[in-house]
Structure formats: structure tokens, C-alpha cells
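These notes are about the structure you will find just below.
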Amino acid sequence: MLRKLFGRSENAGRTAAISLYEQIVAAARQPAFYAHWNVPDTPIGRFEMISVHMVLFLHRIRGEAGDLQRIAQILTDEFFLDVDHSLRELGISDVGVPKRIKKLARMFFGRARSYSDALDSGDQVALAAAIARNVRPEVTDWAEIRAIADYMQRASNYLASQPLTAFAEGQVRFGSVLEEIET
């Protein structure tokens with residue numbers, strides 16, 4: 001009987017995490033990032049935008065315990081399973097995938113730290129610099145970077161207004177990139 005009870009909770013957490021991940025990917029794939037704000041529409045550009053949204057969500061639930069902590073772990077695992085799958089689809093050999101995953105994991109957690117620090121301090125300049133350094137390091141003059149930083153701050157504020165119960169049920173909203181473009 002206990003196994004059934006715990007199994008349901010674990011399955012509910014997994015179901016919520018997968019739903020959250022699908023919504024994170026959908027938010028990261030908003031065409032405006034690529035068409036209006038010049039994020040490279042490449043595998044690494046898409047990795048960067050998924051990372052942005054993963055960081056925003058994980059930043060929001062940081063410090064939460066219980067189900068949300070478990071969901072955060074499943075969500076992160078799902079993200080890296082997706083990265084693994086994507087690398088294999090790109091033709092990376094079985095031997096090369098673990099090395100790439102380790103590198104991408106270091107990249108992701110570095111981004112998580114720099115984006116979270118900037119969001120915590122409300123430092124839009126630091127946030128824009130971190131985004132530019134990570135998303136388009138080869139570009140010295142990226143006019144749209146400020147819009148992306150503003151979107152991230154607005155999305156962070158919007159996430160803060162959402163109840164934790166929604167996340168535990170697998171629902172998250174970031175807001176639309178188009179809201180930023182239209183204003």
C-alpha cells in the first residue's frame with residue numbers, strides 16, 4: 001500500500017516535470033527570439049534559450065522543499081536527457097556524448113549562477129552582459145540584448161506571481177516575447 005502511495009506521488013511529480021519541460025521548451029522556441037532579437041536559430045542558440053527558461057523556473061522555485069524539489073530534479077534530468085538525445089541526433093558518437101554533456105552541464109550551471117545573481121540583485125546591465133557573453137559571444141554590438149534582459153526580468157517577476165501549486169500541477173507561464181516587442 002505504501003509503495004502505491006509513494007508511486008503515485010512520484011508519477012505525479014514526473015508528469016508535472018514533463019509538462020513543465022514542454023512549456024519551458026515552448027517558451028524558448030518563441031519565434032521572436034530568433035526573428036526579432038537575433039538569437040542564433042541553431043542547436044546551441046536553442047540550448048541557450050531553453051537554458052534561459054530553465055534558469056528562470058529553477059530560480060523561482062529555489063529553496064522550495066518536498067514535491068517542488070523533486071520536480072526540479074526530474075525537470076533538470078529531463079533537460080539533460082533531451083540534450084543527450086539532441087546530440088545523438090546531430091551525429092555525435094556514443095563515445096563523444098558524455099564529454100559534450102559534461103561541457104554543456106558546466107555551461108548550464110555557470111549560466112544559472114550568473115543569471116540568478118543578476119536577477120537577485122536586479123542588475124539589468126549584468127544580466128544583459130551575461131546573456132551576451134553566453135548567447136552571442138562573438139558579437140560585440142547586439143542591440144537586442146537589452147530586450148532579452150528586460151524579458152527575463154519581466155518573466156522572473158511574472159513567475160514570482162504564480163502560485164507554487166500551479167508548478168506542482170505542471171503549469172507555468174513566462175509571458176510572451178511579443179509583449180516586449182509590441183511595447
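Small disclaimer: the values here were computed from a predicted structure and weren't measured.
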Considering all heavy atoms, the nearest [X]-[Y] contact:
| X | Y | value |
| --- | --- | --- |
| Val135 | Pro137 | C-CD, 3.5 Å |
| Leu20 | Gly170 | CD2-C, 3.7 Å |
| Ala168 | Leu68 | N-CD2, 3.9 Å |
| Gly13 | Ile74 | C-CD1, 3.9 Å |
| Leu164 | Ile61 | CD2-CG2, 4.4 Å |
| Gly122 | Gln153 | CA-OE1, 4.5 Å |

ILVMFWY cluster, [X] and [Y] together (side-chain gap under 4.5 Å):
| X | Y | answer |
| --- | --- | --- |
| Val25 | Ile18 | no |
| Trp37 | Tyr34 | yes |
| Leu81 | Val55 | no |

Minimum side-chain heavy-atom gap [X]-[Y] below 4.5 Å:
| X | Y | result |
| --- | --- | --- |
| Phe47 | Thr42 | no |
| Ile131 | Arg111 | no |
| Tyr158 | Arg154 | no |
| Arg136 | Glu138 | yes |
| Arg29 | Met49 | no |
| Tyr21 | Ile50 | yes |
| Leu58 | Met54 | yes |
| Arg173 | Gln171 | yes |

Audit row: Leu56, His59, side-chain contact (heavy atoms from CB on, under 4.5 Å) steps and yes/no: CA-CA 5 Å; Leu56 285 167; His59 181 262; 5.7 Å; no
Heavy atoms from other residues, nucleotides or ligands near CZ of Arg46 exceed 12 (cutoff 6.0 Å):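 Counting other residues, nucleotides and ligands, CZ of Arg46 exceeds 12 neighbours.
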Quick check on the 6.0 Å ring-centre criterion: do Phe57 and Phe174 meet it?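 For Phe57 and Phe174, the ring centres are not under 6.0 Å apart.
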For His53 and Tyr151, I'd like to know if the aromatic rings sit close, meaning centre-to-centre distance below 6.0 Å.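 Between Tyr151 and His53, which both carry aromatic rings, the centre distance is below 6.0 Å.
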Measuring from [X]:[atom1] to [Y]:[atom2], what's the distance to the nearest 0.5 Å?
| X | Y | atom1 | atom2 | result |
| --- | --- | --- | --- | --- |
| Met107 | Lys103 | CE | NZ | 6.5 Å |
| Leu119 | Leu127 | CG | CG | 5.0 Å |
| Arg62 | Ser116 | CZ | OG | 5.5 Å |
| Leu75 | Phe167 | CG | CZ | 11.5 Å |
| Asp84 | Phe79 | CG | CZ | 12.0 Å |
| Ser51 | Leu104 | OG | CG | 8.0 Å |

Is there a donor-acceptor contact under 3.5 Å linking the side chains of Gln23 and Ser19?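 Judged by distance alone, the side chains do pair up.
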Give a yes-or-no answer on whether the side chains of Glu48 and Asn134 include a donor-acceptor pair shorter than 3.5 Å.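 No donor-acceptor contact under 3.5 Å links the two side chains.
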Below 30° counts as parallel, above 60° as perpendicular, anything between as tilted: where do the rings of Phe108 and Phe80 land?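 Perpendicular: the ring planes of Phe108 and Phe80 meet at over 60°.
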Is there a donor-acceptor pair under 3.5 Å between the side chain of Arg60 and the backbone N or O of Gln162?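 Yes; at least one donor-acceptor contact below 3.5 Å.
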Criterion side-chain contact (heavy atoms from CB on, under 4.5 Å) on Val139 and Asn38, from CA distance to verdict: CA-CA 11 Å; Val139 175; Asn38 293 319; over 6 Å; no
